[in-house]
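Comments concern the structure below.
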There are 4 protein chains.
Amino acid sequence: MSNILTPDIRAVLERQAIEVPSWAYGNSGTRFKVYSTPGTPRDPFEKIADAAQVHRVTGLAPAVALHIPWDQVDDFAALGAFAAEQGVSLGTVNSNTFQDDDYKFGALTHEDAAIRRKAIDHHLACIDVMDEIGSRDLKIWLAEGSNYPGQADMRGRQDRLHDSLEQIYARLSGEQRLVLEYKFFEPSFYHTDVPDWGTSYAQVAALGERAMVCLDTGHHAPGTNIEFIVMQLLRLGKLGSFDFNSRFYADDDLIVGAADPFQLFRILFEALRGGGLEADSPVAFMLDQCHNVEDKIPGQIRSVLNVQEMTARALLVDRAALSAAQQSGDVLAANAVFMDAFYTDVRPALAEWRESRGLPGDPMAAYAASGYFERISAERVGGTQASWGA
Amino acid sequence: MSNILTPDIRAVLERQAIEVPSWAYGNSGTRFKVYSTPGTPRDPFEKIADAAQVHRVTGLAPAVALHIPWDQVDDFAALGAFAAEQGVSLGTVNSNTFQDDDYKFGALTHEDAAIRRKAIDHHLACIDVMDEIGSRDLKIWLAEGSNYPGQADMRGRQDRLHDSLEQIYARLSGEQRLVLEYKFFEPSFYHTDVPDWGTSYAQVAALGERAMVCLDTGHHAPGTNIEFIVMQLLRLGKLGSFDFNSRFYADDDLIVGAADPFQLFRILFEALRGGGLEADSPVAFMLDQCHNVEDKIPGQIRSVLNVQEMTARALLVDRAALSAAQQSGDVLAANAVFMDAFYTDVRPALAEWRESRGLPGDPMAAYAASGYFERISAERVGGTQASWGA
Amino acid sequence: MSNILTPDIRAVLERQAIEVPSWAYGNSGTRFKVYSTPGTPRDPFEKIADAAQVHRVTGLAPAVALHIPWDQVDDFAALGAFAAEQGVSLGTVNSNTFQDDDYKFGALTHEDAAIRRKAIDHHLACIDVMDEIGSRDLKIWLAEGSNYPGQADMRGRQDRLHDSLEQIYARLSGEQRLVLEYKFFEPSFYHTDVPDWGTSYAQVAALGERAMVCLDTGHHAPGTNIEFIVMQLLRLGKLGSFDFNSRFYADDDLIVGAADPFQLFRILFEALRGGGLEADSPVAFMLDQCHNVEDKIPGQIRSVLNVQEMTARALLVDRAALSAAQQSGDVLAANAVFMDAFYTDVRPALAEWRESRGLPGDPMAAYAASGYFERISAERVGGTQASWGA
Amino acid sequence: MSNILTPDIRAVLERQAIEVPSWAYGNSGTRFKVYSTPGTPRDPFEKIADAAQVHRVTGLAPAVALHIPWDQVDDFAALGAFAAEQGVSLGTVNSNTFQDDDYKFGALTHEDAAIRRKAIDHHLACIDVMDEIGSRDLKIWLAEGSNYPGQADMRGRQDRLHDSLEQIYARLSGEQRLVLEYKFFEPSFYHTDVPDWGTSYAQVAALGERAMVCLDTGHHAPGTNIEFIVMQLLRLGKLGSFDFNSRFYADDDLIVGAADPFQLFRILFEALRGGGLEADSPVAFMLDQCHNVEDKIPGQIRSVLNVQEMTARALLVDRAALSAAQQSGDVLAANAVFMDAFYTDVRPALAEWRESRGLPGDPMAAYAASGYFERISAERVGGTQASWGA
């Protein structure tokens, strides 16, 4: 059975790393209600400790993305040292310009130069953090836009966005990158300043080589062929990172692969086809999810396993046979080659391979058996549980 | 100019009443941020006072819908008396089963009979309030559903929903009605227990004559022809009420008519065509909106005016000419009759008519000139501003 | 391996039958182009012969649905006898009121009583065919609607539809049924007279017990939870049949399971959960697809196999474990039980089981090896290839 | 009343020109049925004659777009001369690579170099026509894509598309331009080779300055903010042309402004805001519609009038007041300025202005009174009516 994972396939799987977001371990929810759960972290150290559990049982999640100011600490060196102790590192730094009253009508795009300055400075401060913890990527998601036609000068905002990004980009050094996320809608409901990959691409192309696009799998219009965008951005050399999650309707932020596993397969196949899984690929793989009703740490374990399993399936596609069928115009044969890989049950072979590497064959069971949840539930009493507000 | 408002049209406009929601005067927002504003009410009395301003300048909003527990007070008689002093009355009572930890996995549909009992009892308590304040309608919006395939037994939940509704319905008396709202998605992202008009219709039809459907204009799948549903529910005798708002994407809760004014025109025309604007119509017209970034009281004034203006346009449709064009298969002529009414500028005639009734011709300006906002901003200092949590 | 197919599962699979549409064997396409292919049938007999190939290699497709007038023949008894010779039977009769100039503005809903009469009579003629060939179901898909707001009196059309259906329903006898399909849009682009399950349900409920709803999997708004509708219609006792196909965007009519295999799994699970796979179930399973660019007979073979494979996966769900997880509110455990079945590779076990029943383990390969396609390509020269027009 | 049309506004309206498509005068429909009508043109000359009627009564449609091969004639000089006699000119040339059996799996993207060559040569032949008739724009809409995951190598196709376009672009001379249309889906249902503005932009940016994007208002995902794309393409200097029409669901090809008049207003406002209505603007305004159920010539007259009326409304926006409200963050005031223009009834002033220019005040009535339709219905007997196939 495990023969299906050839050495070439194993080589890719071995280097696969999926960054987990610190905020996945805090409470999250909808505008209607945020449910709290026992054991939820009260500070960034506890979030890191939780994230480390995911890596411990999967070997897949060696880095943790931070969100500033949610993960602001006095001593980032101490946080980095703590992470290292736990067996993980600090990764991408995410800025936040959507929770300050000043940003009600925009941040990097605001009509008022003083507010724009404040937002730019926040990003410069994020780069300071990156310098301190040795982070490569500054990820920018802009919650900016408007709710009513006429409310905003969309064109002027686009120009101001360019100016702001240029100042931020100029502050990067070495291998540091700026990664610009796009989002179809929410929290704005009429227009969003970076609503689609085309806008993100046009903006980062105007900055320079180390500015890239972040593709969040939940941020598209209904029916969008996301793997096409993956293909196109890789072709244009501008796919900087993935924010993985899944959706049925809007930005549902469900566990990656939960809503449409076949779509995840297609996305990973295009990532592979375009060189995104190569050792020198510029593509960062990250999760960006909310665990509103399910347990958080197991939710993250399930997520990285979903990506791993689907990557294995994508790697199983017989590309020579696929190419031959494509060239001969044999639609059913080409589709059959593709589906054969998708329908192959890779789970037993992956379990065996995990064990061969000293990892638990069943990471979900291993975590459940570890007693970690019982321990944090007992220990983390009092204090304020982390959520999007802190 | 004002001749376009014939006596027949004026008769309809004169009896038009649009209920406003108490929660529109509190703060609201998205899962990312709720912005607060000066002058926001701290309790139900202050909400009523604000709502009364809308009626004062428009003559259109004589009733205020309550939300329990957000508007829970010790003495509802006192609240009702205060409303009467302010020139308005208390209207529909809205229940809430989405903000208690017990309801994480359902309320009226929960697997656990004890939780179901608690949710049913909450509705019975709401009916007690209705009895006390003389309210006709109990409006039920169910936030219930699931986020992941397999998480819930959808069929079992549907049966339990029927049982729960039956117990609630049995408690109604006199002219009281149960109005069941449907919603496509959110806060649940895989399945919603009452996702469409068909489900709401099937559930209320199984209860009895005083159970009706509530149509919230923002709760449909992309592309849905909402006026068709208005037509169908009126035809089936089951349109109990409208929750007006507008949307570009999801349940955006924007000002009614803001996103697609022509759609509002078509909806009001079907309401008119189906008898929904008759004096004895069972249809209640309500707003259900969030003013996330715009001023709240003016936002409500703008909303009721939008409904009034669009009702006037719907009333202007030359129905004899329309019918003749329809019967002759003259597509362009029929559409032209329809569009002619939509493109007619009814605003000057409405302003003149308002003044003839002792109301301000320009209610927005009248409110702005009233000094009310300045007064509440100065007076309402301290305390906790109302929002969805309270 | 084959042990995964328990005797209980095999019992369901053994009685599974999926009706194939005669029109799938003719040419089809888009408004832009219909591509023709060698070997395409020129008459209903050749269509039946092709359909029989699907059953020959799969044992899954014992009946062929007819479409009148596309399959009109002088001697239906002869067509039935030919089908029997080929090892299949004639099944559902589909009416057509969308290709006659008289129906430009409606058929069963038309303002003109004479055109309505003509459309009703067409359906009565279809029932005559049913009587002759022993068909149980009259399937009605209405292409009626309008393209422009104001063009049509939607309410009046709904009432006329009821009257027309009542006359058709009255003509049914014995076990015969009327099955009413709904469709979100196309060929009409503003309103469709039966756009959603709610309308179909309301219409058939007003007729009687032998009037049922047909659910075409491609006929919904973006994001619609189709399995919820399956559940609801089974609960209401009104799910008469499935028209299977798949879609990414609109009514794409792709091979069932091709666009979203996980959705097909969920649909079949709800069909199973609601009793739709029981021996006495009223639910008919049919395909309704277009093979625009792929080979037609193999396209149909692939389709029935997709339904069979996904049915096997749905049957593999450990329902006791699922129920336990649901009742305990363990979201991840419930989802895991569900996904475990979906990710199980049932193909080897099904191949073995097929062979045990005297069928080819690999029906696609068996058909390819049969030489049938080469034979019809050589023989069917001249004449007019069948398509939607004939 | 007519004072609302200031001299500045009139200056813009006077130079407004909307190109009409020759194919709008032929029969069109859906995959289910194409209805024919009396008087439908049988050849390109008759199409030109019909198009000239639109210009005669509106003064708005001085050019007619051709479609090759549908409008192929032996003597284009004669066609041009005929057009000149009729008072119009020949405009944009549209290529067609979607109705030849060779193009079943692609044209400019095909795996087979010979088919690609054929498709490129077709475009070179179109440029020959442009040279002959003095046309500026070659418009390319690609119907290419695939129906099933795995069917096509999307990345390879994108590269081949670039190569093909480069060869076509190289053949342009003088002021000639290549305009590349994008489309979300149809006739392909899994992937489309140019599905979004980002892809069209990336492709034309790689060609050179005279390669531009064509924005068809019906070719977007549900919910897309189209005016944002207008803004962005104007900002990037790459908006070459509009294909106007309107939609409720897919590419419905309804009369522009019919489905969502407010959207057309927003689009025209952004076109204006971005300089697209200036005298030297590179933006061509065209219709691309189907008149499936309505009369064709009046359908075109209605369409150009809709664009004119909405342009007048967009010009009425008080931009100084809008800008002031935007800068002060007064959401409701900004929206009110915007809506005030939209709700102004510009029709009487436009009628008066038309008459002042020697045009009929009511072009629809003038055409109806002209007897043209009765004449062509009587004269055009026999022959084959034009449709998309010819």
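To find a chain, count down the sequence lines: A is the first, B the second, and so on, and within it residues start at 1.
Test C:Asp243, C:Ile140, C:Leu142 against C:Glu181 for side chain to side chain contact (heavy atoms under 4.5 Å, CB included) and you get one pass: C:Asp243. Looking at C:Phe105, C:Tyr103, C:Trp141 one by one, the single match for ring-ring contact (aromatic ring centres under 6.0 Å, His included) with C:Phe98 turns out to be C:Trp141.
Neither the backbone nor the side chain of B:Ala325 has a heavy atom closer than 4.5 Å to any heavy atom of chain C. Proximity to chain C is limited to the backbone of B:Thr192, based on heavy atoms less than 4.5 angstrom apart. When heavy atoms are compared at a cutoff of 4.5 Å, C:Asp330 does not approach chain B at all. Looking at B:Asp196, only its side chain comes within 4.5 Å of chain C, counting heavy atoms on both sides. The contact between B:Arg235 and chain C is made by backbone and side chain atoms together, counting heavy-atom distances below 4.5 Å. Residue B:Asp112 does not touch chain C at all, counting heavy-atom pairs closer than 4.5 Å. Looking at B:Gln263, there are no atoms closer than 4.5 Å to chain C (heavy atoms on both sides), in backbone or side chain.
Using a distance-only test at 3.5 Å, with no hydrogens or angles considered, a donor-acceptor pair links the side chain of C:Ser328 to the main chain of C:Ala324.
Ring to ring, C:Phe265 and C:Phe338 are close: their centroids are under 6.0 angstrom apart.
In terms of heavy-atom pairs under 4.5 angstrom with chain B, the leader among C:Gln232, C:Gln158, C:Glu111, C:Gln327 is C:Gln158. Listed options B:Phe342, B:Phe185, B:Tyr148, B:Phe269 were ranked by heavy-atom pairs under 4.5 angstrom with chain C; first place goes to B:Tyr148. The greatest number of non-hydrogen atom pairs below 4.5 Å with chain C, out of B:Leu236, B:Asp153, B:Leu322, is found for B:Asp153. Comparing C:Ala221, C:Ser146, C:Pro222, C:Gly106 by heavy-atom pairs within less than 4.5 Å of chain B, the highest count is held by C:Pro222.
Qualifying salt bridge (Lys or Arg N to Asp or Glu O under 4.0 Å) partners for C:Arg266, counting only residues two or more places apart in sequence or in other chains: C:Glu227.
Taking the side chain as every heavy atom from C-beta outward, B:Leu108 and B:Asp163 never approach each other to under 4.5 Å.
Checked by atom type, the side-chain pair C:Gln167/C:Arg117 shows a donor-acceptor distance below 3.5 Å.
In this structure, C:Phe244 and C:Phe242 have parallel ring planes: the angle between them is below the 30° cut-off, well short of the 60° mark.
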